[in-house]
Amino acid sequence: TIQKLKSRLKETFFPDDPLRQFKGQPLGKKWILAAQYSFPILQWGPNYSFNLFKSDIVSGLTIASLAIPQGISYAKLASLPPIVGLYSSFVPPLVYAVLGSSRDLAVGPVSIASLILGSMLKQEVPPTNDPLLFLQLAFSSTFFAGLFQASLGFLRLGFIIDFLSKATLIGFMAGAAIIVSLQQLKSLLGITHFTKQMELVPVLSSVFHNTKEWSWQTVLMGFCFLVFLLLARHVSMKKPKLFWVSAGAPLASVILSTILVFAFKAQRHGISVIGKLQEGLNPPSWNMLHSHGSYLGLVVKTGLVTGIISLAEGIAVGRTFAALKNYQVDGNKEMMAIGLMNVIGSSTSCYVTTGAFSRSAVNHNAGAKTAVSNIIMPVTVMVTLLFLMPLFQYTPNVVLGAIIVTAVIGLIDIPAACQIWRIDKFDFVVMLCAFFGVTFVSVQDGLAIAVGISIFKILLQVTRPKTVVLGDIPGTDIFRNFHHYKEAMRIPGFLILSIEAPINFANTTYLKVRILRWIDEYETEEDTKRQSSIHFLILDLSAVSSIDTSGVSLLKDLKKALENTGAELVLVNPVGEVLEKLQRADDVRDVMSPDALYLTVGEAVAALSSTVKGRSSSHV
């Protein structure tokens with residue numbers, strides 16, 4: 001029993017068996033392997049070459065050109081000072097380069113996590129009323145997000161994020177993209193009095209109730225740069241070799257718009273600008289973390305939600321590019337790397353970061369070979385923080401809004417939604433619930449609704465397992481589902497059922513009721529046709545991977561119910577664990593008698609057909 005429990009726990013929490021590489025190794029080698037396992041940089045670092053560096057420096061500089069304008073934009077999306085976005089593009093990538101196992105993941109702030117962080121904190125503390133407190137809560141939420149992420153990886157509980165199904169994520173991302181884009185209407189139209197709510201209806205209401213605040217200069221500039229950025233994105237999508245076009249377009253937009261604003265003094269004509277930004281590297285912020293007080297519940301909740309979403313996004317992106325290059329990404333190590341990255345980031349004036357799809361795609365297309373690109377990028381950001389900050393003083397907010405819209409529009413995946421509709425209608429409903437929940441209710445409620453429906457689907461599959469009637473395909477001894485094979489025929493005197501799920505306490509009542517109903521329907525149909533009644537109920541258990549005590553009791557109850565009607569229960573192909581438990585429970589052979597256990601349905605029918613004929617003739 002202890003051995004089986006140990007095996008089950010190992011398969012649950014260590015399916016990848018991370019300790020197998022230590023078996024049979026000398027003590028010194030084990031220490032080296034342990035260091036390499038904890039710090040993946042030690043695996044590839046000793047073999048690093050100048051040829052690899054040439055590729056990594058190109059990709060690092062390329063993603064830096066994208067990360068700098070996106071960092072500033074996403075910080076504003078989270079209602080944080082723009083400089084915090086650059087801080088978050090400096091320290092976290094350095095930490096990930098040491099701890100992460102993905103070669104292509106480009107780390108930094110992302111739109112969805114920025115949106116969630118800002119919207120959840122704004123419900124309690126408006127950033128305009130107390131910007132310092134809002135900043136403290138953002139750093140504290142980042143700390144708890146990182147703590148939660150690292151704990152999931154350390155405790156091997158990564159399967160928890162699997163409850164965010166593909167359908168849920170597609171719907172959630174699309175809804176969040178709509179919300180993020182609508183929030184940019186404030187910048188793109190030049191509106192000063194904009195709603196603090198995030199949902200679709202209040203935002204559109206605010207836009208059309210404040211038409212007098214629209215600035216034609218801002219609208220014109222926003223439209224021109226938005227078209228430019230979308231065209232650059234389209235070119236790079238059509239021709240992946242021109243990845244640098246979309247990668248450099250945001251920085252080119254920032255530079256060009258800043259020059260235009262400065263040259264024409266556009267800030268005096270209704271175009272709002274970022275303003276002066278603080279120079280220097282990340283200041284320490286551990287003294288700003290809230291680990292107690294009235295806002296503790298808020299930062300823990302915000303950290304939990306942003307932590308799960310950013311973790312799911314980061315791991316999904318890492319696995320996507322790992323599959324393209326045919327290498328493995330350790331999910332639990334990634335959780336610890338991303339978690340520790342955010343914990344350290346929260347102490348160095350950074351907010352929630354993860355692997356961003358847009359930057360990672362650019363990193364991949366630019367030819368990144370190792371995580372050194374995640375070192376080149378923050379070095380470039382460091383130079384910007386130390387020497388180039390005054391250049392951003394006249395950068396217009398409208399261009400930052402256009403950059404955000406261009407970045408998030410790729411999150412709306414219509415082909416994936418169409419594929420979900422073709423494959424699974426229930427998953428499509430889950431996707432729609434996530435989408436409409438985010439757009440009309442709130443970001444966190446939309447996510448909760450979608451996850452709740454997904455869990456309900458799982459519970460439904462557990463408590464209402466699929467049972468089908470099997471029939472013989474003429475000329476063979478193969479038995480298949482009647483609904484799938486129109487030519488399948490019933491065998492007189494036999495009711496053959498297949499149970500296609502584990503049998504446990506959650507579904508035994510349903511299975512008993514359903515099987516007895518099959519029997520009643522069979523008897524009614526045979527009476528109508530004036531044919532023989534049921535003599536054998538054959539249960540095909542090939543798809544039953546496990547059974548518990550309630551399941552064993554179900555089979556005993558069915559056997560007794562059938563004996564009262566003169567019929568017999570026959571079991572076919574119970575697999576290892578099921579067979580073992582039935583043998584242990586069957587002391588008096590009241591379920592598993594030798595003549596009621598067969599390897600295939602065809603074998604059972606062939607062996608028992610003579611019995612049915614004998615009973616039918618004696619009945620006549």
Side-chain angles (χ1 to χ4, degrees), residues 8 11 162-163 165-167 420 422-430 453-473 476-491 494-522 534 536-559 561-562 567-583 585 591-592 596-605:
R8 179 62 64 86
E11 287 301 314
D162 291 337
F163 282 104
S165 65
K166 182 179 180 181
I420 289 173
R422 288 195 299 269
I423 295 172
D424 191 326
K425 302 298 187 289
F426 194 100
D427 270 356
F428 188 78
V429 171
V430 171
I453 294 174
S454 297
I455 293 174
F456 174 74
K457 178 186 177 182
I458 294 171
L459 292 175
L460 204 62
Q461 291 173 341
V462 172
T463 58
R464 296 293 184 268
K466 189 175 181 182
T467 55
V468 297
V469 179
L470 303 182
D472 181 31
I473 296 179
T476 72
D477 61 351
I478 298 173
F479 289 77
R480 290 293 183 264
N481 185 353
F482 266 118
H483 294 293
H484 292 167
Y485 293 82
K486 301 296 183 183
E487 67 273 21
M489 298 175 58
R490 290 193 180 187
I491 307 297
F494 291 89
L495 175 59
I496 307 167
L497 303 177
S498 175
I499 301 174
E500 300 180 352
I503 304 175
N504 53 52
F505 66 93
N507 57 31
T508 49
T509 302
Y510 166 79
L511 283 173
K512 184 176 181 180
V513 171
R514 190 69 188 92
I515 290 171
L516 291 176
R517 197 178 109 203
W518 283 121
I519 295 172
D520 289 341
E521 289 175 355
Y522 181 91
I534 182 172
F536 293 99
L537 170 64
I538 298 179
L539 291 183
D540 184 358
L541 303 181
S542 302
V544 179
S545 59
S546 64
I547 192 169
D548 64 3
T549 51
S550 298
V552 175
S553 298
L554 165 69
L555 296 179
K556 290 182 177 180
D557 292 343
L558 282 176
K559 185 173 179 63
L562 288 168
E568 294 182 31
L569 176 66
V570 176
L571 304 181
V572 169
N573 195 27
V575 296
E577 181 184 329
V578 177
L579 183 62
E580 186 179 327
K581 289 187 178 179
L582 288 173
Q583 286 174 334
V591 175
M592 289 179 54
L597 186 63
Y598 293 89
L599 191 60
T600 66
V601 175
E603 181 183 310
V605 172

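No hydrogens, no waters, no symmetry mates; every other heavy atom, side chains included, goes into these values.
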Q. Among Val570, Leu569, Ile496, Leu571, whose side-chain contact (heavy atoms from CB on, under 4.5 Å) with Leu537 holds?
A. Leu569

Q | Step-by-step side-chain contact (heavy atoms from CB on, under 4.5 Å) determination, Ile515 to Leu558 | A | CA-CA 9 Å; Ile515 290 171; Leu558 282 176; 3.7 Å; yes

Q.
Just to verify, what does Val429 make a side-chain contact (heavy atoms from CB on, under 4.5 Å) with, not counting sequence neighbours?
A. Cys433

Q: Considering non-hydrogen atoms only, spot the tightest contact between Ala604 and Val572 and give its length.
A: CB-CG2, 4.2 Å

**Q.** Pairwise side-chain contact, Leu597 with Leu579, heavy-atom cut-off 4.5 Å (strictly under)
**A.** yes

Q) What pair of heavy atoms forms the shortest contact from Tyr598 to Glu603, and how long is it? A) CD2-OE2, 3.5 Å

Q: Would you indicate whether the side-chain heavy atoms of Leu497 and Leu470 approach each other to under 4.5 Å?
A: no

Q | Closest heavy-atom pair and its distance - Ala506, Val462 | A | CB-CG1, 4.1 Å

Q. So, for Val430 and Ser454, which heavy atoms are closest and what is the spacing to 0.1 Å?
A. CG1-OG, 3.4 Å

Q) So do Asp557 and Lys512 actually touch side chain to side chain, heavy atoms under 4.5 Å? A) yes

Q) To the nearest 0.5 Å, how far apart are CZ in Arg464 and CG in Leu459? A) 11.0 Å

**Q.** Ion pair Asp424/Lys457, N-O distance below 4.0 Å
**A.** yes

Q: Drop me the distance from Leu554's CG to Thr549's OG1, to the nearest 0.5 angstrom.
A: 11.5 Å

Q.
Distance check, rounded to the nearest 0.5 Å: Leu460 atom CG versus Ile453 atom CD1?
A. 12.5 Å

**Q.** Closest non-hydrogen atom pair between Leu582 and Pro574, with its separation
**A.** CD1-CB, 4.4 Å

Q: Not counting sequence neighbours, which residues clear side chain to side chain donor-acceptor pair (under 3.5 Å) with Thr508? List them please.
A: none

Q: Walk me through it: do Ile538 and Val605 pass the test side-chain contact (heavy atoms from CB on, under 4.5 Å)?
A: CA-CA 9 Å; Ile538 298 179; Val605 172; 4.0 Å; yes

Q: Start with the C-alpha distance between Val469 and Asn481, add both sets of side-chain angles, then the distance that settles side-chain contact (heavy atoms from CB on, under 4.5 Å), and finish with yes or no.
A: CA-CA 6 Å; Val469 179; Asn481 185 353; 5.8 Å; no

Q. Has the side chain of Lys581 got a donor or acceptor atom that lies under 3.5 Å from a matching backbone atom of Asp548?
A. no

Q. Would the number of heavy atoms belonging to other residues, nucleotides or ligands and lying under 6.0 Å from OH of Tyr510 be above 12?
A. yes

Q | Heavy atoms from other residues, nucleotides or ligands near NZ of Lys425 exceed 12 (cutoff 6.0 Å) | A | yes

Q) What heavy-atom pair brings Pro465 and Leu511 nearest, and what distance separates the two atoms? A) CG-CD2, 3.7 Å

Q: Can you measure from CD1 (Ile519) to CG (Leu495) and round to the nearest 0.5 angstrom?
A: 6.5 Å

Q) Side-chain contact, heavy-atom cut-off 4.5 Å: Phe479 with Ile473? A) no

Q. From Arg490 CZ over to Tyr522 OH, what is the distance, rounded to the nearest 0.5 angstrom?
A. 7.0 Å

**Q.** Sole residue of Asp540, Asn573, Ile478, Asp477 in side-chain contact (heavy atoms from CB on, under 4.5 Å) with Val601
**A.** Asp540

Q) What is the distance from atom OG of Ser550 to atom CG of Leu555, rounded to the nearest 0.5 Å? A) 11.5 Å

Q. Given Asn507 and Thr463, is the side chain to side chain donor-acceptor pair (under 3.5 Å) satisfied, shown in steps?
A. CA-CA 4 Å; Asn507 57 31; Thr463 58; over 6 Å; no

